[in-house]
Amino acid sequence: MTDTRIYLSPPDVTDVERKLLLKAFDSNWVAPVGPDLDAFEEQVAEVTGVRHAVALSSGTAALHLALIAAGVRRGDTVLVPSFTFAATANAVAYLGARPVFVDSTPHNWNIDPELVAEELRTRAERGRLPRAVIAVDMYGQCADYDPLLAACDRYGVPLIEDAAEALGATYRDRPAGSFGLAGVLSFNGNKIITTGGGGMLVTDDSSVAKQVRHLSTQAREPVPHYEHRSVGYNYRLSNLLAAVGRGQVQRLGQMIEARRRTFEHYRAALGDLPGLRFMPIAGYGVPNYWLTCLLIDAEMFGAGRDRILAALAERDIEARPAWKPMHLQPVFQDCVVRGGEVSADLFHRGICLPSGSALTDRDRDRVVDAVRSVASEKKG
């Protein structure tokens, strides 16, 4: 029997989602309004422990609107982790603002709170504070929010939590997405739960939720004719996709547990190899184990990141390097960066292994065998 391709983090859907989707289809609620959309927002608000949730067409749309709600305008600056996906910085650029990239800490791979505090203090002394700070919960693990919130509160700068990768994770028993002015979630096909595409903004601030809901529906005023007093966006999620999301939320705990088992499997099967180190798990919270990530010391391991990626690809297994930092991306080469060495090292040595919640024992063993085959090459 030929082994099928193993993907990095594919969708995991079952008959639960299928039945909800067909029920929504048969009801003819197929537009970006309907009972499933309302129910999905209520479910996610409960999971994230906030009062309000607005379902949107993508996590990027949620970031864009969160920045607008924070008051970001053309010419402003926003502190952004360098070690992240491009959408975090792109949303800043949409508004004509400039990202200022901040390095990560090696202790949890998230934005460094000390560097954030130093940058805020320096800019405050010059009278040029950023309009906002974005923290990203990397690979399903929350950033260290106590010092981040303390620094932001000290200077009156709003914090936005990009929890696109972290639904279901916690920080000191508080759910990911519940920190700062607003949290941002993604339901892209590779996330821990998916609607095929989509995202959500979650917040305790009713005025933020009201503003985001208004802007996401083309900023139409509540009058019989089409009246617009500000520029809006076509950013609402469809009721059909929300139906899929409802089923996914029901299974969130199961999918987190499946990914945790994969992390533990890899750690037990690969942890003895010299020069291989797993992404640290911070003691302040519990991740959702979205992706299992490693750092490779090429000298100790006997081969670098790219050789391992090639060995996996030869066996029809998808794996990827860790995020390439934003300060190393050509499109953002002229932006200011604070630090950068840690995130650059994570990129050059980091690798993300297949972590989908539907992985079988056979799948995991294929991944382990591929990695171990590279380690054994140096002994041949």
Side-chain angles (χ1 to χ4, degrees), residues 58-106 108-123 126 128-139 143 148 151-152 157-166 180-182 184 186 188 190-191 199 233 291 293 295 305-306 320-352:
S58 68
T60 309
L63 271 169
H64 184 193
L65 296 183
L67 289 164
I68 292 175
V72 176
R73 299 185 298 270
R74 180 171 297 278
D76 288 336
T77 56
V78 177
L79 301 194
V80 177
S82 186
F83 190 62
T84 185
F85 179 54
T88 314
N90 286 344
V92 176
Y94 293 167
L95 294 168
R98 297 281 290 177
V100 173
F101 296 118
V102 181
D103 207 357
S104 297
T105 167
N108 56 33
W109 298 15
N110 279 293
I111 193 169
D112 190 328
E114 293 184 6
L115 289 181
V116 170
E118 290 176 12
E119 188 68 14
L120 289 174
R121 181 172 61 252
T122 299
R123 289 178 174 269
R126 300 202 309 256
R128 302 174 67 177
L129 280 167
R131 185 69 64 175
V133 174
I134 302 176
V136 180
D137 300 330
M138 292 307 308
Y139 297 123
L148 286 171
C152 288
V157 177
L159 177 74
I160 295 168
E161 180 187 2
D162 182 346
E165 303 170 3
L181 178 71
V184 169
S186 171
N188 190 34
N190 65 352
K191 296 302 188 292
Y233 307 90
L291 290 183
C293 304
L295 279 185
R305 177 202 69 185
D306 291 346
R320 291 185 183 173
W323 296 124
K324 183 176 182 179
M326 292 300 101
H327 75 276
L328 299 181
Q329 300 285 356
V331 68
F332 294 119
Q333 62 184 349
D334 295 329
C335 292
V336 173
V337 57
R338 181 85 180 205
E341 296 81 7
V342 173
S343 55
D345 182 61
L346 294 176
F347 166 60
H348 290 302
R349 298 198 292 126
I351 184 172
C352 306

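Along the sequence shown, the residues carry numbers beginning at 1.
Of the possible donor and acceptor atoms, one in the side chain of N110 sits under 3.5 Å from a partner among the backbone N and O of M138. A donor-acceptor distance shorter than 3.5 angstrom exists from the side chain of Q329 to the backbone of K324, with no hydrogens or angles considered. The main-chain N or O of V342 is found under 3.5 Å from a side-chain atom of D103 such that the two form a donor-acceptor pair. When atom types are taken as modelled, the side chain of S82 and the backbone of F101 share no donor-acceptor pair closer than 3.5 angstrom. Listed for the S186 side chain is no donor-acceptor partner under 3.5 Å among the backbone atoms of A164. Side-chain atoms of R305 come within 3.5 Å of backbone atoms of F347 as a donor-acceptor pair (strictly under, hydrogens ignored).
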For residues 332-339, please give each side-chain donor-acceptor pair under 3.5 Å, one per line with the distance, not counting sequence neighbours.
unit_1, atom_1, unit_2, atom_2, d
R338, NH1, E119, OE1, 3.0
R338, NH2, E118, OE1, 2.6

Report all side-chain donor-acceptor pairs from residues 61-80 shorter than 3.5 Å, counting only partners two or more places apart or in another chain.
unit_1, atom_1, unit_2, atom_2, d
H64, ND1, Y235, OH, 2.9
D76, OD1, R131, NH2, 3.4
D76, OD2, R73, N, 2.7
D76, OD2, R131, NE, 3.0

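Aromatic ring centres of F85 and W323: separated by under 6.0 Å.
With rounding to the nearest 0.5 angstrom, the CD atom of E165 is 6.0 Å from the NZ atom of K191. A distance of 13.5 Å separates CD1 of I351 from CG of L346, quoted to the nearest 0.5 Å. Distance check: T60 OG1 to D162 CG gives 8.5 Å after rounding to the nearest 0.5 Å. Separation of atoms CZ (F83) and CD1 (I111) is listed at 12.5 Å; rounding is to 0.5 Å. With values rounded to the nearest 0.5 angstrom, Y233 atom OH is found 11.0 Å from Y94 atom OH.
Contact check for S343 versus H327: side-chain heavy atoms found under the 4.5 Å cut-off. V100 is listed as a side-chain neighbour of R123, based on a closest heavy-atom distance under 4.5 Å. L159 has its side chain within reach of C152: a pair of non-hydrogen atoms, C-beta onward, lies under 4.5 Å apart.
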